[in-house]
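Notes follow once the structure below has been shown.
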Amino acid sequence: MRLLWVIVGFVFFTLTAFVRIGQLGMAAQTPDRGAAADALVPPRAEITDRNGVPLARAFPSYSLWFNPKALGAKGLPLVKTPEEVARALVQIFPAEDYDDLLDKLKTGKPTYLRRRVLPEEANKVFALGEPALEFPRETQRFYPQGTLAAHVLGFVDADGHGKLGMEEYLNTRLLDPRRRAEPVSLSIDSRVQGAVEDELSHEMLETHAKGAAGIVLDVDTGEVIALASLPSFDPNRSDLADNDHVKNRATNEVYELGSVFKPFTIASAIDAGVITDMAVRYPARPLPVDHYIIHDSHDYGASLNVPEALIHSSNIVTAQIADKLGGQKLRNSMIALGMNQRARIELPAKGFPIWPRGEWPRLRTMTVGYGHGLAVTPLHLAQGYAALVNGGIWRPATLFKVDPAHASAGQRVFQASTSARMRQLLRLIVVDGTGKSAGAAGYRVGGKTGTAEKAGSNGSGYKNKHAVIATFAAAFPMDKPRFVVIAMLDQPQATQATSGQRTAAFNSAPVVGHLVPRIGPLLGVVPDGKRDVDVTDLTPLVANGDGE
């Protein structure tokens, strides 16, 4: 009987084991869902650049927690006085505020004294001999490249929620248990991003500018290769909520960008048949319209043709072309370029353009034609220039890496022949006009300067003549454009470095001239002095001279 009972028990336990195995199989309890696997994957997925360089990672760390009940409910919360402990903590963490720490220690309430404490710092705090100072283990977000691409990435707050940038946009995806092990690859190239930030920072120092923005955009896929806003911030810091620098000048701030809009007007007029002959000359004397006089920065003579008008950046001639085009057609072109809505990109914070509503009267049409009366972000400008040079196709920008075979089809806004003509004209501006300092040997850069007086707050108008937005919008190589480059400076000053000038020709254009040779080889563009855009039909029409 004993043997029989042993056999029955053995069979029972065997059957139980098989049933349990079957239950686990039916429940699909695979290893990747178990606790062991959870320990092997990050609590928040990594973010990398297009080449796999880590931009954001999660790592375990300590925090400093004040537990006033550590010595018992009736005991004193601290061994030493709050003043002594606060002074000791400031010596360990010089960035902390003494008065703030002292207030927290005196309240007797549980609270964080500091997030993200290094092991060596924790050892120093432990040496103080205060049981009420505890070190809970937490997961912190770490940005190994520091301030690089901070406005693209955003940051993670103390509660583990993504804020700003792609951290906020991808928050659900980055926390998904099934996908946390897979890094998210962005379109950003960290090498190009670093070069853009470096060149903009240098020019900001040279011109004492208030801020800057820069963009490098793939004209065929819409991929953002670099997107910079300066001054920047360090996403590794925990005090970002009140940081004024978290606002993104490239996508969240709108500006009247001035003469960089003139090529849009010219392209629209070519498409509409308003411009059919590049040799036709237009009066270039100050133009009175509705008690307002449109003028140029210099006297360029009695008349200018279209190539000369762009080379010298003539408001007067561009206004006349916009007038002939008409408000409705110009308005429709701007709508097709997305200038009437928030820029299409994954970032959560996007500025809404200042868009003239209703029908555009004659003067509004003329001023918009040369870049005033309409305010957009630099990203709007980059998307528009991509359509201007890539054959006439507008595509939304994206911060995700895109297979060229699966790029957005976009929508046609300009005829291919119009785009080809604009490539010629933009190249001429760099060869003979206001964009000369953007030239880079062998890279066939084309582009347009824009210097716009900055409107004051509270409707005060353009009273401060020294507050300008200086922009250069470029593309390269112009014989087969691959990338658009935008460089914008907010309130640059006239300094010795800019020969006493504050216009885009002397500050933002040189940024592009220095930047393109740095990033071209990284992006697979090899300098070639034997190739260029064929402009032989236009050069005889141009009388060389200094422009804006």
Side-chain angles (χ1 to χ4, degrees), residues 251-275 282 286-295 309 313-345 349-385 387-388 392 394-397 410-415 418 448 450-463 468-469 471 473:
T251 64
N252 200 24
E253 294 281 89
V254 298
Y255 307 90
E256 289 186 11
L257 296 173
S259 297
V260 288
F261 263 63
K262 289 172 183 172
F264 296 139
T265 302
I266 300 301
S268 301
I270 294 173
D271 249 16
V274 172
I275 296 175
Y282 297 81
L287 179 64
V289 182
D290 298 340
H291 307 293
Y292 179 81
I293 298 178
I294 297 173
H295 56 82
S313 197
S314 171
N315 294 339
I316 296 169
V317 172
T318 308
Q320 293 174 72
I321 293 171
D323 190 28
K324 289 185 177 181
L325 177 63
Q328 190 59 48
K329 289 182 179 179
L330 182 60
R331 185 175 182 274
N332 289 342
S333 290
M334 294 301 175
I335 291 174
L337 291 167
M339 302 294 181
N340 66 325
Q341 58 186 327
R342 299 184 195 276
R344 294 274 297 278
I345 197 169
K350 297 181 286 287
F352 196 89
I354 297 176
W355 175 258
R357 297 184 181 276
E359 294 185 6
W360 292 359
R362 185 183 181 211
L363 180 59
R364 172 68 72 187
T365 299
M366 296 170 86
T367 57
V368 169
Y370 58 81
H372 286 269
L374 172 63
V376 298
T377 69
L379 182 60
H380 284 94
L381 184 67
Q383 292 172 314
Y385 265 71
L388 206 60
W394 183 93
R395 291 183 179 88
Q411 61 186 31
R412 180 164 294 283
V413 292
F414 299 119
Q415 298 176 36
T418 299
K448 181 70 186 77
T451 305
E453 293 175 2
K454 190 174 180 180
S457 59
N458 301 321
S460 58
Y462 304 92
K463 294 182 178 180
V468 300
I469 299 294
T471 309

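Just so it is clear, the values below take in all heavy atoms, side chains as well, and ignore hydrogens, waters and symmetry mates. All figures in this text were calculated on a predicted structure; none of them were measured in a lab.
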Backbone of V260 reached by a side-chain donor or acceptor of Y385 within 3.5 Å:
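Yes, because the side chain of Y385 sits within donor-acceptor range (under 3.5 Å) of the backbone of V260.
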
Are the side chain of Q411 and the backbone N or O of A336 linked by a donor-acceptor pair below 3.5 Å?
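Checking the backbone N and O of A336 against the side chain of Q411, a donor-acceptor pair under 3.5 Å is found.
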
Please round to the nearest 0.5 Å and tell me the distance separating atom [atom1] of [X] and atom [atom2] of [Y].
X    : Y    : atom1 : atom2 : value
I345 : L379 : CD1   : CG    : 5.0 Å
L363 : Y292 : CG    : OH    : 7.0 Å
T367 : I294 : OG1   : CD1   : 7.0 Å
Y370 : K262 : OH    : NZ    : 8.5 Å
I335 : L330 : CD1   : CG    : 10.0 Å
K454 : Y255 : NZ    : OH    : 6.5 Å

Shortest non-hydrogen contact from [X] to [Y]?
X    : Y    : result
E256 : I469 : O-CB, 4.2 Å
W360 : G327 : CE3-O, 4.0 Å
L325 : A272 : CD1-CB, 3.7 Å
R344 : Q383 : O-NE2, 3.3 Å
V376 : P353 : CG1-CB, 4.0 Å
A349 : N252 : C-OD1, 3.9 Å

Not counting sequence neighbours, list each pair that qualifies as a salt bridge (Lys or Arg N to Asp or Glu O under 4.0 Å) and has a residue in residues 330-341.
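The answer is none; no pair qualifies.
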
May I have the list of side-chain donor-acceptor pairs in residues 264-271 shorter than 3.5 Å, sequence neighbours left out?
| from | atom 1 | to | atom 2 | distance (Å) |
| --- | --- | --- | --- | --- |
| T265 | OG1 | G369 | O | 2.7 |
| S268 | OG | F264 | O | 2.8 |
| S268 | OG | S333 | OG | 2.9 |
| D271 | OD1 | Q415 | N | 3.2 |
| D271 | OD1 | T418 | OG1 | 2.5 |
| D271 | OD2 | Q415 | N | 3.3 |

Do S313 and K448 meet the criterion of a side-chain donor-acceptor pair at a distance under 3.5 Å?
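Side-chain D/A pair, S313 to K448: present.
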
Check side-chain hydrogen bond (donor to acceptor under 3.5 Å, both in side chains) between [X] and all other residues, then give those that pass, not counting sequence neighbours.
X    : answer
Q328 : N332
D323 : R362
T377 : H380

Surrounding NZ of K329 (heavy atoms of other residues, nucleotides or ligands, distance under 6.0 Å), is the total greater than 12?
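12 or below, so no.
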
Among N315, T451, T471, T318, whose side chain to side chain contact (heavy atoms under 4.5 Å, CB included) with S259 holds?
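With S259 as partner, side chain to side chain contact (heavy atoms under 4.5 Å, CB included) holds for just one option, N315.
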
Residues in ring-ring contact (aromatic ring centres under 6.0 Å, His included) with W394, at least two apart?
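None.
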
Does the side chain of L337 reach to within under 4.5 Å of the side chain of F414, using non-hydrogen atoms?
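Answer yes - side chains close enough.
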
